[in-house]
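Read the structure below first, then the notes.
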Amino acid sequence: MLSLEKQLNEKIKNIFKTSGFDEKFAFVKPSDRPDLSDFQCNGALALAKTLKQNPREIGQKIADTLALDNDIATVSVDGPGFINIKLKNEFIAQNMDEMALDSRLGCAKTETPYNVVMDFGGPNVAKALHVGHLRSAVIGESIRRVLSFVGHNVISDVHFGDWGTPMGMILAQIIFEDGDLSKVETYDIESISSFYKRANLRCKENEQAAETARMITAELQNGNKEYVKAWKHLRAVSVAAVKENYDELDAHFDLWLGESDAHEMCGKIVKLANEKSISEVDEGATIIRLPETNKPMPPVILVKSDGGFGYQLTDIATIKMRVDDLKADEIIYVVDKRQSLHFEQVFAVAKMLEIAPSTKLEHVGFGTVNGQDGKPFKTRDGGVMNLKDLIEMSKDKVRSSMPKPNEVEGYGKAEIEKLVSEVAMAAIKFQDLKNTAASGYVFDLEDFAKFDGKTGPYIQYAIARINSIIRKADESGVSQGKIIISESDERALSLKLAAFENAVARTAEQKEPSIMTDYAYNLAQIFSSFYNTCPIMSAVDNEIKASRLKLAALVRDALKQALYLLGIEAPEKMLKAN
RNA sequence: GCGCUCUUAGCUCAGCUGGAUAGAGCAACAGCCUUCUAAGCUGUGGGUCGGGCGUUCGAAUCGCCCAGAGCGCGCCA
């Protein structure tokens, strides 16, 4: 089916076409003045500018034709030239009936599906995920779900940080403390992580230690058997730990490749750059200079003076692999926006090397999670907060508001814990996703355990209440019927439902999950008003009862789908302790 | 120094080709549970959209200047 808004746009487009107006202005948007109209078209204003004509006259011409349409209740031209459109209730109702039959809720699949490779997550060996990793995982996963719902073929790759200097630092630290690498394979993630922390400190203070670490890194990359063997263990343990984290976040990765997998290709890229004569050797490093602009554009270091590959080279090589092996039409990096210059450089080199001639490269940068001081968040001891701790904190808060296991029939320990997890994760993810990705936000521990107002649990709660009504309807044999719109809350709710497609489309276009959180919240909010003013099961009129039941079920479907697109679960019931 | 991104209600943030009375949530205050889960609903108060100039019939939105903040700028990733 075509969404209501799209149907309306078709009508307008036809009028523009027959009137000889540029069709690019032929579209409506939900009215800014709900007291005056359901939708407004500002096209006359834009047209007037290009045609140098009176906007009200153009608007009136369009409005007069539109008024003849059977689905339109009233059309008026107001103010400087807004075309205000009010739809007939029957048209909206019929649209809802169609939407209820459509498993995609009015969202047609794209006619031009792409192969999209998504690079998000970005975990590193020996580092547990912390709050800084939250955004990439949560935003990336949401965009992944949205793009694949829209119909693209999305492949996600975690792009594990497993090949840089930190590898040499850890190995060096272990050798420094143990004398050799003989005990490496007995170390778990905690000890590897603590080796890394000590390595970090030591290399900062001691230039000699840093030098040794770089040397070991280079030897590892050149295939030193002893180092490779130890490294394999570090990597395996880290991947296993990180997988657990991502499972809990419900972030899905099709590929678990890492920087190390691009190693061979890195060598080829260096060769290619040399053949094309775009690289040069400077101070012992192999670099590519980029065209001067008005902004600082440092050269890209392919090979460091110690012989190790630079991380930019890894990203460049990975682009080639994604284009060659995965046939990527588009590669999306969901990475901290502080890396924007890095990606600008990498994309520029990819272009110079002609390794991705028809692939769109895009960096979706997100802002940092900041502390009260406006700088990237640090705990009191100067460290970063573990993601696991954040999740536990939120779970504790949820758990304390829940009934104890077996207090509610069918809810033993396992069921309660599942519910606790679903609600806590909803609170955390929604809290993060409701912010525009590009802007950072101030970290407040309390925010991740809030369940009132514009939060994930609020939306889950709306769904749970609808589920409850539907269960009741099933028990008493009441079934859904044709939608009838008579109350203003029914009308408002229907119009919001009709906007689902628009919300999905905008989220996909802008790769901006906050558009979806906003929509989901507004829909849940309008439903809550409806819930209070329009009784369903106790409605006296059977037709109204059947209509409202169907409307409620449709809201549930839309909210569940919206939450799915955000990576959030929708529990059947929301329980609360007395 | 150069560049990028920002500055909207007490706090955290929206604001869809430039448009009509700039919107939410939280916090505050006042109501609503014998009625589909009160994690809810209804209402009230609260903003010279950082400052200035300009473009325009019209600017939170576009341009320039200023002030303030964050981030980035060759061998960490």
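Heavy-atom basis, side chains included; hydrogens, waters and symmetry copies ignored. Note that this is a predicted model, so its numbers are computed, not measured. Residue numbering restarts at 1 for every chain, and letters A, B, ... go by the order of the sequence lines.
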Would you say the rings of A/Tyr333 and A/His159 are close, in the sense that their centroids are separated by under 6.0 Å?
no
Which part of the nucleic acid, if any, lies within contact of A/Gly79, taking any heavy atom under 4.0 Å across all strands shown: a base, the sugar-phosphate backbone alone, or nothing?
nothing
For B/A20 and B/C62, measure between their P atoms and round to the nearest Å.
15 Å
Look at atom CD of A/Glu211 and say whether more than 12 heavy atoms of other residues, nucleotides or ligands are closer to it than 6.0 Å.
yes
Does the side chain of A/Asn502 pick up a donor-acceptor pair with the side chain of A/Glu5 at under 3.5 Å?
yes
Is the A/Phe21 ring parallel, tilted or perpendicular to the A/Phe16 ring (thresholds 30°, 60°)?
perpendicular
Strictly below 4.0 Å: does A/Lys576 bring a side-chain N or O up to OP1 or OP2 of B/A39?
yes
Suppose we screen for salt bridge (charged side-chain N to carboxylate O under 4.0 Å, His left out). Which residues come up paired with A/Arg399, at least two apart in sequence or across chains?
A/Asp396, A/Glu417
Under 4.0 angstrom, heavy atoms only, what part of the nucleic acid is A/Thr314 near: base, sugar-phosphate, or nothing?
nothing
Per the O4'-C1'-N9-C4 / O4'-C1'-N1-C2 angle with a 90° window around 0, B/C33 comes out syn
What integer distance in Å separates A/Gln345:CD from B/G3:P?
17 Å
Separation of the P atoms in B/G45 and B/G51, to the nearest angstrom:
24 Å
Atom-pair distance (OH on A/Tyr441; C1' on B/G25), nearest Å
16 Å
How long is the line joining CD1 of A/Ile459 and C1' of B/G25, in whole Å?
12 Å
Are a donor atom and an acceptor atom from the side chains of A/Glu422 and A/Gln460 found within less than 3.5 Å of each other?
no
Going by the rule salt bridge (charged side-chain N to carboxylate O under 4.0 Å, His left out), which residues pair with A/Lys395 if we only count those two or more places apart in sequence or in a different chain?
A/Glu248
RNA chain B in dot-bracket, Watson-Crick or G-U pairs under 3.5 Å, [ ] crossing, | other strand?
(((((((..((((.....[...)))).(((((.......))))).....(((((..]....))))))))))))....
Walk along nucleotides 72-77 of chain B from 5' to 3' and tag each nucleotide B, S or - by protein heavy-atom contact under 4.0 Å, base first, then sugar-phosphate.
BBBBSB
When the P atoms of B/G43 and B/G23 are considered, how many whole Å apart are they?
15 Å
Students often get this wrong, so: under 4.0 angstrom with heavy atoms, is A/Tyr521 touching a base, only sugar-phosphate, or nothing?
sugar-phosphate
Going through the distances and angles, do A/Phe430 and A/Phe448 end up as a ring-ring contact (aromatic ring centres under 6.0 Å, His included)?
CA-CA 9 Å; A/Phe430 199 91; A/Phe448 293 97; over 10 Å; no
For a quick test of reading the model: is some side-chain N or O of A/Ser529 closer than 4.0 Å to OP1 or OP2 of B/C41?
no
In sequence, state the C-alpha distance, the side-chain angles, and the governing distance for A/Asp474 and A/Arg471, and then conclude on salt bridge (charged side-chain N to carboxylate O under 4.0 Å, His left out).
CA-CA 5 Å; A/Asp474 286 345; A/Arg471 282 195 300 273; over 6 Å; no
Touch class at under 4.0 angstrom, heavy-atom based, for A/Leu575 against every strand present
base
Which whole number of Å gives the distance between the P atom of B/C75 and that of B/G70?
24 Å
What side-chain donor-acceptor pairs closer than 3.5 Å can you find for residues 524-531 of chain A, not counting sequence neighbours?
residue, atom, partner, partner atom, Å
A/Gln525, NE2, A/Tyr521, OH, 3.0
A/Ser528, OG, A/Tyr458, OH, 3.4
A/Ser528, OG, A/Ala524, O, 3.0

Are A/Phe82 and the base of B/A20 stacked, counting only ring centres nearer than 5.5 Å and planes tilted under 30°?
yes
Side-chain donor or acceptor of A/Arg465 under 3.5 Å from a matching atom on the base of B/C36?
no
When the distance from CG of A/Leu433 to C1' of B/G25 is rounded to whole Å, what number comes out?
16 Å
May I ask you to verify if any side-chain N or O of A/Gln525 is less than 4.0 angstrom from the OP1 or OP2 atom of B/G25?
yes
What is the distance from NZ of A/Lys29 to C1' of B/C16, rounded to the nearest Å?
6 Å
At under 4.0 Å between heavy atoms, what does A/Asp452 touch on the DNA or RNA strands: base, sugar-phosphate, or nothing?
sugar-phosphate
Nearest nucleotide by nearest heavy atom, which residue falls closer to the 5' end of RNA chain B, A/Ile83 or A/Asn502?
A/Asn502
When all nucleic acid strands are considered with a 4.0 Å heavy-atom cut-off, which category describes A/Lys573: base, sugar-phosphate, or nothing?
base
Looking for any heavy atom pair under 4.0 Å, which part of the strands does A/Met167 touch: base, sugar-phosphate only, or nothing?
nothing
Without hydrogens or angle criteria, can the side chains of A/Ser514 and A/Glu512 be said to hold a donor-acceptor pair below 3.5 Å?
yes
Please enumerate all protein N or O atoms sitting under 3.5 Å from an N or O of nucleotides 55-62 of chain B, with distances to 0.1 Å.
residue, atom, partner, partner atom, Å
B/G58, O6, A/Lys49, NZ, 2.2

How about A/Lys13: does its NZ atom have over 12 heavy atoms from other parts shown lying under 6.0 Å from it?
no
Please give, in whole Å, the distance from B/A20 P to A/Asp32 CG?
6 Å
Expressed in whole Å, how much space separates the C1' atoms belonging to B/G47 and B/U5?
24 Å
Separation between the C1' atoms of B/A14 and B/U8, rounded to whole Å:
10 Å
With a 4.0 Å cut-off on heavy atoms, is A/Gly440 in touch with a base, just the backbone sugar-phosphate, or nothing at all?
sugar-phosphate
Charged N to carboxylate O under 4.0 angstrom, A/Arg135 versus A/Asp336?
no
Can you check the distance between B/U44 and B/A60, where both ends of the measurement are the P atom (answer in whole Å)?
25 Å
Which of these nucleotides, B/A39, B/A20, B/U37, is closest to any side-chain atom of A/Gln40?
B/A20
For the CD atom on A/Glu572, are there more than 12 heavy atoms of other groups (residues, nucleotides or ligands in this structure) within a distance under 6.0 Å?
yes
For A/Phe448 and B/C26, give me the distance from atom CZ to atom P, rounded to whole Å.
17 Å
Do A/Asp162 and A/Ser260 pair up side chain to side chain, a donor and an acceptor below 3.5 Å, judged on atom types alone?
yes
Would you say A/Ser439 places a side-chain N or O within less than 4.0 Å of OP1 or OP2 belonging to B/A14?
yes
What contact category does A/Cys41 fall into here, base, sugar-phosphate, or nothing, at under 4.0 angstrom with non-hydrogen atoms?
nothing
Length of the NZ-P vector between A/Lys295 and B/C71, whole Å
18 Å
Considering every strand and a 4.0 Å limit on heavy-atom distances, what is the contact class for A/Ala46: base, sugar-phosphate, or nothing?
nothing
Heavy atoms only, 4.0 Å cut-off, all strands: where does A/Asp35 land among base, sugar-phosphate and nothing?
base
C1' atom, B/C26 versus B/U37: distance in rounded Å?
23 Å
Check every strand shown and say whether A/Asn54 touches a base, only sugar-phosphate, or nothing at a heavy-atom separation below 4.0 Å.
nothing
Can you check whether A/Gln345 reaches A/Pro298 side chain to side chain, under 4.5 Å on heavy atoms?
yes
Whichever of A/Glu572 and A/Ser31 has the more 5' nearest nucleotide on RNA chain B, that residue is A/Ser31
